[in-house]
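Below you'll find the structure, written out as structure tokens, and then a few comments.
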Amino acid sequence: MQQYNPLEIEPRQQAAWEAAGADRVREREADLPSYYALEMFPYPSGDVHMGHVRNYSIGDVISRHKRMQGFNVLHPIGWDSFGMPAENAAIKQESTPAAWTYANIDRQKASLKRLGFSYDWSRTVITSDVSYYHWGQWIFLKLWERDLVERRSSPVNWCPSCATVLANEQVVGEGVCWRCKTPVERKELEQWFFKITNYAQELLDDLATLSGWPERVKQMQANWIGRSTGAEIDFTLCDAAGNPTAEQITVFTTRPDTLYGCSFFLLAPEHPLVAQFVSGTEYEAEVARVVTLAASATAVERSKGERVKSGAFTGRFVINPINGEKVPVWISDYVMMDYGTGAVMAVPSGDTRDFAFARTYGLPIPPVIVAEDDPLYAELAGVQERKLTEVPWSEAYDGPGIMVQSSPFTGLAGGKDSAGSQAVIDALAARGVGRPTINFRLRDWLISRQRYWGNPIPAIYCETCGIVPVPEADLPVVLPMDVDVTRGETLASRSEFYEVNCPRCGAPAHRETDTMDTFTCSSWYYLRYTDPHNTTLPFARSVVDNWMPVDQYIGGIEHAILHLLYSRFFTKALRDAGLLGFDEPFENLLTQGMVKLNGEVMSKSKGNVVAPEEMIARYGADALRVYILFMAPPDKDLEWSQEGLEGISRFVNRLWRSVFDLTGEVVYDEEGTQLSIYDEGLDAAAAAARGKELNRELHRATAKVTTDIERFNFNTAISAIMELLNTTQGYLKLPLALRDAALAARAAKTLVLLIAPMAPHLAEELWQGALGEQGSVHEQSWPEYDPAQAVADEVELAVQVNGKVKARVTVATDASEDEIRSAALEAAASVIEDRDVRKVVVVPGKLVSIVV
RNA sequence: GCCCGGGUGGCGGAAUGGCAGACGCGGAGGUCUCAAAAACCUUUACCUUCGGGUGUGUGGGUUCGACUCCCACCCCGGGCACCA
């Protein structure tokens, strides 16, 4: 037999699998339990990179392993093919986004096939195909019907480089665009939104049900949703003399318990009341200066907390509803218009920012919450009226404490969600000037993009009817594929697209030219995979409910908020529309780490990529797959090592030779040199011992590989196969005549079956070639093991004296505790000498601990 | 500031509270060869007066026994953040 030659074997096996339809979902075997394994689909931005190889190798091992365990596995693939990069590339290459996109899809598809991933290619979903985005538009209309779509004017994030608006989730780091890293600008624009905030509470609550998700991801989503409990409190405007007007301004606070400490009131510079307040007054100029200052600061500058807070008095006052006090209204740039109500009750003794502001502008800082161990507490405990208007502190205190100087509430516990807070809310609510509220940080999802290469928003603007949804029967709104973005052509310049009659009144109207955020496409593709050829619906409920939720989802941590949050929202919204019957899309989530080179993320712009195609050409797809699974646990970053890949290549070669050798066949290299392991002339006694050892190792390794794959410890699963191979090679040093043929055959089969999910081509070739088995290795049952046979007859125990290993003792595996104890005491006699033995702890199979 | 991860040989990494460093890489020595490659074998935490001693970021603690559990701290990575 010849040496292992992956470059010949792999394409041949791939062709054979494709011809046999090996990776198709087994629809007819509906009695099998189903398993849905999914990896995040690629964006066709160029060639397949190592991150893809890692992501899809992990998914393929899980899929193939589940298949061998008897599941009917759905393992699909597709492309997330709308989006900006296609437009940029088209401009650069004088092409169209469609041409560039589909050429890349073809290239990536060829690479994925070359890697031998077991996808059901008949279910491929490409989001820029009209057969898919048609149903994205249909879903848009369903959401619209359910009042989850809204076009409204709002301050939004604008990326000047991408020339489009962005969702909040797409503004990352210090306020930059997630794709091009350009600082984002704020603009007031009319845009389309999905009302994800309607689901804020459920999206937060259901995180608790996702026990198969990494804690980190759930934490990130919880942070992003940002729920705060507190109250809305109405302050009434008053004149300089303190006489109330009819106008009210409402604030949101998480600390109603501090209301007696409110010594001023703040509005955001953008607050609509500000101009009205100061117009024509002596305060106008200074307020205008601060407003301009705040407006000119970028999001980055404004979010620097340590910056000196600028502010100005508006000349107006409000009445604190709890004590009737007249409080001055200021503006300050640390108050944000888009959180809460854009107005804040400032309590400088209890809030760091309010404290700094009060010190800067000489405003009073009366204490209202004092910790019991604070010296100030002795002075103020039980004091109901305001006695002290200035804290002796150098900073605000925002922790829990006791309420002071707070009239009837004095003495109650203060702090976040405290009894004191509740009491104040109740008192305000009784008078109708306050109410408990929950505030979320999550904003509605801005989904319109001023770009061509996306799913058209199915809406029509009519002068008489206003904004009209495209009737379901008129779908799809087809995106013209040949728009020439290199000459600045847009959808609006295409009259056959743009000009349309109003579906309601028939008058000339025009189409919406904004397209949807690509994240809308990726928010339901996993549903389409279950029923990809449906021409009347995005998916049939009976089918989607059968496969979903996804049993195992695998992808990068960078989608912890974006894609994963949007998909959860879609699932809940579609559930409420009666289209599906489950609450969460992804039952288990594995976030894989990045592939790095010299500590840096591989990227084209850094020029430090290792191309998968090159590695395949040198070592084969199987070696690359095994390597990438072996080098690190899947959720950790992986440092690329060429030597490591060579090591795996040696391992794969050794496995090839050993399997042949186990069948009695010798492997030769091109020059005819024998490569199999040589007979070392061992005797029958050695043969018996090595046979026993090999049998034990077969059971042990099978057990370990099985549990390790189930726990996604692919690196240690491969280690276990390496150990089994090492033991096997020890056995192969026996002369042929002394080998147990049945044992050798079992070892060969086990090696091949265990490596099959990771190195599918190698396993298939050995299964049919070396072992002469019929059918595909990938359709075999996963090997069984017997834990009782995985242990030796005798075991060596360590004997510890006072916690240190001082001796060793070999006992029968099934020896009683008493036997072990006396054997250990005897073995350690010289160490113990004449000291008293106080205690002996026997841990069977492990060690004996003696305390003297 | 708040919240998550993580710190183990020269390197990647193993260890349900039970012999730290599995497995692999790299290194050293050897077999084969005219030679080399490949393959195979041996060896490889550190110190040592060869008795032994020390070692999983630091300092404490619990335990017969701690990389693992508890407390405090240091460092690295990530998320959120003038969020009221």
Side-chain angles (χ1 to χ4, degrees), chain A residues 3 172-173 214-228 230 251-255 258 266 268 302-307 309 332-336 338-347 350-354 356-357 398 439-441 557-558 560-561 627 630-633 635-648 650-651 653-654 657 667 669-671 673-678 680 704 713 715-723 725-726 729 733 796-805 808 838-852:
Chain A
Q3 279 192 100
V172 298
E215 211 47 54
R216 183 159 68 125
V217 174
K218 289 191 276 186
Q219 198 67 50
M220 282 164 74
Q221 291 211 356
N223 276 347
W224 187 259
I225 295 167
R227 181 181 191 269
S228 301
V251 298
F252 171 74
T253 179
T254 56
R255 294 294 302 276
T258 65
L266 289 166
R302 199 164 158 186
S303 70
K304 288 273 177 273
E306 60 277 12
R307 208 162 67 100
K309 322 224 173 296
S332 179
D333 56 359
Y334 73 89
V335 181
M336 303 289 128
D338 54 5
Y339 183 78
T341 62
V344 173
M345 59 174 239
V347 181
D351 181 278
T352 317
R353 298 151 301 165
D354 296 346
F357 192 85
D398 60 7
N439 207 24
F440 291 95
R441 215 192 66 93
I557 187 76
E558 67 274 17
I561 295 170
Y627 163 76
F630 176 70
M631 276 303 277
D635 55 333
K636 298 269 174 60
D637 287 350
L638 183 154
E639 178 63 36
W640 183 265
S641 155
Q642 197 63 37
E643 294 78 15
L645 177 52
E646 276 160 23
I648 291 298
R650 282 198 287 272
F651 159 66
N653 270 284
R654 209 156 62 232
R657 289 195 306 268
V667 179
D669 67 11
E670 297 92 340
E671 292 163 14
T673 309
Q674 182 175 329
L675 287 177
S676 301
I677 297 135
Y678 298 89
E680 283 190 352
K704 178 136 178 74
N713 295 338
N715 53 334
T716 52
I718 293 165
S719 295
I721 299 174
M722 287 171 169
E723 288 176 272
L725 181 60
N726 291 344
Q729 290 197 300
K733 281 175 196 143
E796 191 185 60
L797 303 183
V799 181
Q800 290 185 343
V801 177
N802 287 350
K804 300 252 184 232
V805 178
R808 293 181 178 281
R838 287 226 197 116
K839 191 171 180 181
V840 179
V841 180
V842 178
V843 185
K846 299 281 184 184
L847 54 65
V848 181
S849 182
I850 300 168
V851 189
V852 301

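Every chain is numbered from 1, with letters handed out A, B, ... down the list of sequences. Since we're looking at a predicted model, the values are computed, not measured.
When the C1' atom is used for both C67(B) and C19(B), the distance is 14 Å, rounded to whole Å. Between G30(B) and U48(B), the two P atoms lie 25 Å apart (nearest whole Å). U68(B) sits 12 Å from U8(B) when the C1' atoms are compared, rounded to a whole Å. Taking the P atoms as reference points, G27(B) lies 46 Å from A72(B), given to the whole Å. When the P atom is used for both A15(B) and G7(B), the distance is 12 Å, rounded to whole Å. The same atom, P, is picked in G9(B) and in A14(B); the two are 14 Å apart, to the nearest Å.
One atom, CG of Asp635(A), and another, P of G78(B), lie 17 Å apart when rounded to the nearest Å. One can place CE of Met722(A) at 10 Å from P of C23(B), the figure rounded to the nearest angstrom. Atom CD1 of Ile648(A) and atom C1' of C23(B) are 9 Å apart (whole Å). In this entry the distance linking CZ of Arg441(A) with C1' of A84(B) reads 14 Å, nearest Å. Atom NZ of Lys733(A) and atom C1' of C40(B) are 8 Å apart (whole Å). Residue Ile718(A) contributes atom CD1, which lies 10 Å from atom C1' of C23(B) at whole-angstrom precision. Taking atom CE of residue Met336(A) and atom P of nucleotide A81(B), one finds them 11 Å apart after rounding to whole Å. Computed from coordinates, the Phe651(A) CZ to A22(B) C1' distance equals 15 Å when rounded to whole Å.
The partner of U58(B), taking Watson-Crick or G-U wobble pairs whose two distances both stay under 3.5 Å, is A72(B). Partner assigned to G18(B) is C64(B), using Watson-Crick or G-U wobble distances below 3.5 angstrom. U31(B) is paired with A39(B) under the Watson-Crick or G-U wobble criterion, all donor-acceptor distances under 3.5 Å. Partner assigned to C11(B) is G24(B), using Watson-Crick or G-U wobble distances below 3.5 angstrom. Nucleotide C82(B) forms no Watson-Crick or G-U wobble pair with any nucleotide shown, as no partner meets the under 3.5 Å limit on both distances.
The phosphate of C40(B) (OP1 or OP2) has a side-chain N or O of Arg657(A) nearer than 4.0 angstrom. Taking side-chain N and O atoms only, Arg353(A) has no distance below 4.0 Å to OP1 or OP2 of A81(B).
Arg650(A) comes within 4.0 angstrom of sugar-phosphate atoms only, judged by non-hydrogen atoms across all strands, and of no base. Contact annotation for Asn726(A): backbone-only contact, meaning every heavy-atom pair under 4.0 Å involves sugar-phosphate atoms and none involves a base. Residue contacts shown for Gly647(A) are limited to sugar-phosphate atoms, with no base heavy atom under 4.0 Å away. Within 4.0 Å of Glu796(A), counting heavy atoms only, lies at least one base atom of the nucleic acid.
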**OP:** Spell out protein contact along nucleotides 3-17 of chain B as letters: B when the base is contacted, S when just the sugar-phosphate is, - when no protein heavy atom is under 4.0 Å; keep the 5' to 3' order.
**Re:** SS-------BSS---

Using a cutoff of under 3.5 Å, can you pull out all pairs of nitrogen or oxygen atoms linking the protein to nucleotides 63-66 of chain B, with atom names and distances?
from: C64(B); atom 1: OP1; to: Lys839(A); atom 2: NZ; distance (Å): 3.2
from: C64(B); atom 1: O2; to: Ser849(A); atom 2: OG; distance (Å): 2.7

Check nucleotides 45-48 of chain B against the protein and report each pair of N or O atoms closer than 3.5 Å, with its distance, or say if there are none.
none

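Side chain of Arg654(A) to backbone of Met722(A): no donor-acceptor contact under 3.5 angstrom is found. In this structure, Asn713(A) contributes its side chain and Thr716(A) its backbone to no donor-acceptor pair below 3.5 Å. A donor-acceptor contact shorter than 3.5 Å is absent between the side chain of Asn439(A) and the backbone of Ser228(A).
The glycosidic torsion of G9(B) lies within 90° of 0, placing the base in the syn range. With its glycosidic angle more than 90° from 0, G21(B) is assigned anti.
Residues passing the ring-ring contact (aromatic ring centres under 6.0 Å, His included) test with Trp640(A), sequence neighbours excluded: Tyr627(A). In this structure, Ser849(A) has no side-chain hydrogen bond (donor to acceptor under 3.5 Å, both in side chains) partners at least two apart in sequence or on a different chain. Under the rule for a side-chain hydrogen bond (donor to acceptor under 3.5 Å, both in side chains), Arg441(A) has no partner lying at least two apart in sequence or in another chain.
Contact record, Ala346(A) with Leu266(A): CB-CD1, 4.1 Å, taken as the closest heavy-atom pair.
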Original post:
Does the side chain to side chain contact (heavy atoms under 4.5 Å, CB included) test come out yes or no for Thr258(A) and Met345(A), once each step is laid out?
Top reply: CA-CA 10 Å; Thr258(A) 65; Met345(A) 59 174 239; 3.6 Å; yes

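Heavy-atom distances to RNA chain B give each of Ser228(A) and Ala720(A) a nearest nucleotide, and the one nearer the 5′ end belongs to Ala720(A). The nearest heavy atom of RNA chain B to Ile561(A) and to Glu643(A) marks one nucleotide each, and the one closer to the 5' end goes with Glu643(A).
In terms of polar N and O atoms assigned as donor or acceptor, the side chain of Arg808(A) comes within less than 3.5 Å of the base of C19(B) in a complementary pairing.
Side-chain atoms of Val344(A) and Tyr334(A), non-hydrogen and from C-beta on, never get closer than 4.5 Å to each other. Using a 4.5 Å cut-off on side-chain heavy atoms (C-beta onward), Arg216(A) and Gln219(A) make no contact. In this structure the side chain of Val799(A) never reaches within 4.5 angstrom of the side chain of Val805(A), judged on heavy atoms.
In this structure, the separation between CD on Gln800(A) and CG on Leu847(A) is 5.0 Å, given to the nearest 0.5 Å.
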